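A quick note: this is a predicted structure, and the numbers were derived from the prediction, not measured.
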Amino acid sequence: MADKLHVSLVTPEKELYSGYVDQVIAPGSEGEFGVLVNHAPFMTTLAEGTVTIIDGAKTIQYQVRGGFADVNAEGITILAEHASEYGEDVGTVH
Amino acid sequence: MASLKDMRNQIGSVKATQKITKAMQMVAAAKLKRAQDAAENARPYAARMASVIANLAKGVGGDDAPKLLAGTGSTHNHLIVVSTADRGLCGGFNTQIARAAREHISALLAEGKNVRIITIGRKGYDQLKRQYADKIVQSFELAKVLNLDYAQPIADAILKEYEDGRADVVTLFFSQFKSVISQVPTAKPLIPAQVDETVADASGGAVYTYEPSEEDILETLLPRNLTVQILSSLLENNAGFYAAQMSAMDNATRNAGEMINALTLKYNRKRQAQITTELIEIIAGAEAL
């Protein structure tokens with residue numbers, strides 16, 4: 001699992017997603033950003049938008065509102081005040 | 001002397017009570033499961049939040065630290081937030097929280113501090129208003145659904161007290177849900193924010209990049225943290241309440257059972273005594289002829 005990124009998406013109600021994936025794209029308050037494994041430590045507040053979790057050919061999208069993201073050596077943690085899933089396999093990433 | 005009919009009625013009424021407590025126990029057990037899940041699901045968020053703030057707090061020290069983190073420097077004005085349940089029939093659950101808060105308040109008053117109180121949950125208000133009616137500034141009743149939207153107005157009320165300079169130190173009293181048989185009344189400092197010094201530095205020594213600046217993030221994070229802390233304490237409280245109610249009702253059901261046994265024994269003795277007396281009267285009457 002060394003070449004995969006650990007992601008956990010947490011809301012006050014429950015942990016929505018936790019696991020190892022290839023890439024996470026999140027809407028930062030100062031612009032959308034993508035995170036791959038071994039990203040430099042980084043923290044930002046989140047704007048309203050879509051968090052995309054990409055693992056192989058599978059893509060999961062969540063609609064999030066309010067919160068922040070914390071990227072560190074362990075992976076990325078997204079703390080969202082409100083989040084809901086768009087539905088799995090929204091599209092295949094080429 | 002109670003007649004046989006009176007005793008039959010008494011046994012009947014204890015049986016009816018037992019049915020009610022038994023039903024309440026089962027309802028509480030079902031609700032406990034859900035409340036417990038909610039409390040446990042909320043823990044990762046609160047824990048992550050705390051560790052993120054601890055990380056940030058290390059970087060922002062000294063005079064430019066946000067007031068919510070460092071406090072105002074004064075400890076004269078205290079705001080006590082007492083969080084209890086709305087309903088009773090749960091043993092000493094509400095009383096324990098209120099007692100812990102009352103002890104804290106009287107200690108503060110003895111030191112000549114200024115104390116103001118916000119209550120969450122009707123029972124806490126009822127118990128504290130007798131003694132501190134003039135100090136309660138606001139009271140909230142619990143909602144059916146406990147979520148961030150419910151916790152927000154409470155956090156706003158606390159922040160307003162704080163920003164208007166009527167509170168320097170804010171302490172929250174609630175009951176921590178340890179297990180089904182153990183709920184511990186706890187005091188949690190909300191302002192200044194409690195920073196866990198022992199949180200491991202996850203950055204691995206590398207320098208964090210902040211977007212926007214560290215201060216800006218803390219500014220938005222700290223009020224949010226307040227809301228989340230309140231919500232998590234409400235959820236813990238809720239789980240603790242049902243656990244307390246379940247064991248209280250379990251005790252009540254068992255007591256009712258014992259009472260029914262004792263009463264039934266007494267009833268049977270009396271009935272037999274009566275039959276014996278009747279027999280003696282008949283035999284005595286027959287012999288007299």
Side-chain angles (χ1 to χ4, degrees), chain A residues 1-2 5-20 24-49 51 53 62-85, chain B residues 34 37-56 58-60 145-152 155 199-235:
Chain A
M1 286 298 182
L5 169 76
H6 184 264
V7 58
S8 58
L9 175 62
V10 207
T11 70
E13 278 86 33
K14 63 177 181 180
E15 191 164 36
L16 274 178
Y17 190 95
S18 176
Y20 288 89
V24 175
I25 300 168
S29 55
E30 302 198 341
E32 196 167 72
F33 62 92
V35 178
L36 295 168
V37 73
N38 293 329
H39 195 285
F42 163 68
M43 175 179 291
T44 181
T45 47
L46 292 181
E48 192 171 340
V51 169
I53 296 171
Y62 293 95
Q63 178 76 32
V64 298
R65 181 152 55 85
F68 57 96
D70 177 22
V71 182
N72 57 36
E74 290 167 4
I76 176 169
T77 307
I78 299 172
L79 297 180
E81 280 178 19
H82 302 274
S84 56
E85 197 173 337
Chain B
R34 244 183 303 155
D37 285 347
E40 272 160 16
N41 284 334
R43 274 181 195 159
Y45 191 90
R48 294 281 187 173
M49 192 82 139
S51 75
V52 165
I53 286 180
N55 267 340
L56 276 169
K58 276 183 203 151
V60 194
V145 187
L146 299 172
N147 53 23
L148 267 190
D149 294 336
Y150 172 73
Q152 195 61 53
V199 170
D201 197 351
S203 65
V207 181
Y208 256 90
T209 317
Y210 294 99
E211 226 178 81
S213 71
E214 255 169 294
E215 286 79 9
D216 287 341
I217 292 187
L218 263 183
E219 289 288 329
T220 48
L221 211 56
L222 287 169
R224 243 178 234 171
N225 181 45
L226 193 64
T227 319
V228 170
Q229 297 291 344
I230 289 170
L231 177 66
S232 82
S233 76
L234 287 176
L235 292 173

Open item on the list: Run the side-chain contact (heavy atoms from CB on, under 4.5 Å) test on A:Phe68 and B:Ile217 for me, step by step, so that the C-alpha distance in whole Å, both residues' side-chain angles and the decisive distance to 0.1 Å come before the verdict.
Closed with: CA-CA 9 Å; A:Phe68 57 96; B:Ile217 292 187; 5.7 Å; no
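Rounding to the nearest 0.5 Å places CG of B:Asp149 at 5.0 Å from NE2 of A:His82. Here CG of B:Asn147 is found 11.5 Å from CD of A:Glu81. Values are rounded to the nearest 0.5 Å.
Summarising the geometry of B:Pro212 relative to A:Glu30, their closest heavy-atom pair is CB-OE2, 3.4 Å, with the distance given to 0.1 Å.
In this structure, no portion of B:Leu146 lies under 4.5 Å from any heavy atom of chain A.
Per-residue counts of heavy-atom pairs under 4.5 Å with chain B were compared for A:Thr11, A:Leu79, A:Thr45, A:Thr77; the largest is that of A:Leu79.
For B:Arg48, the salt bridge (charged side-chain N to carboxylate O under 4.0 Å, His left out) test picks out no residue, with sequence neighbours left out. A:His6 pairs by the ring pair (Phe, Tyr, Trp, His ring centres under 6.0 Å) definition with A:Tyr20, not counting sequence neighbours.
No side-chain heavy atom of A:Val10 sits under 4.5 Å from any side-chain heavy atom of B:Met49.
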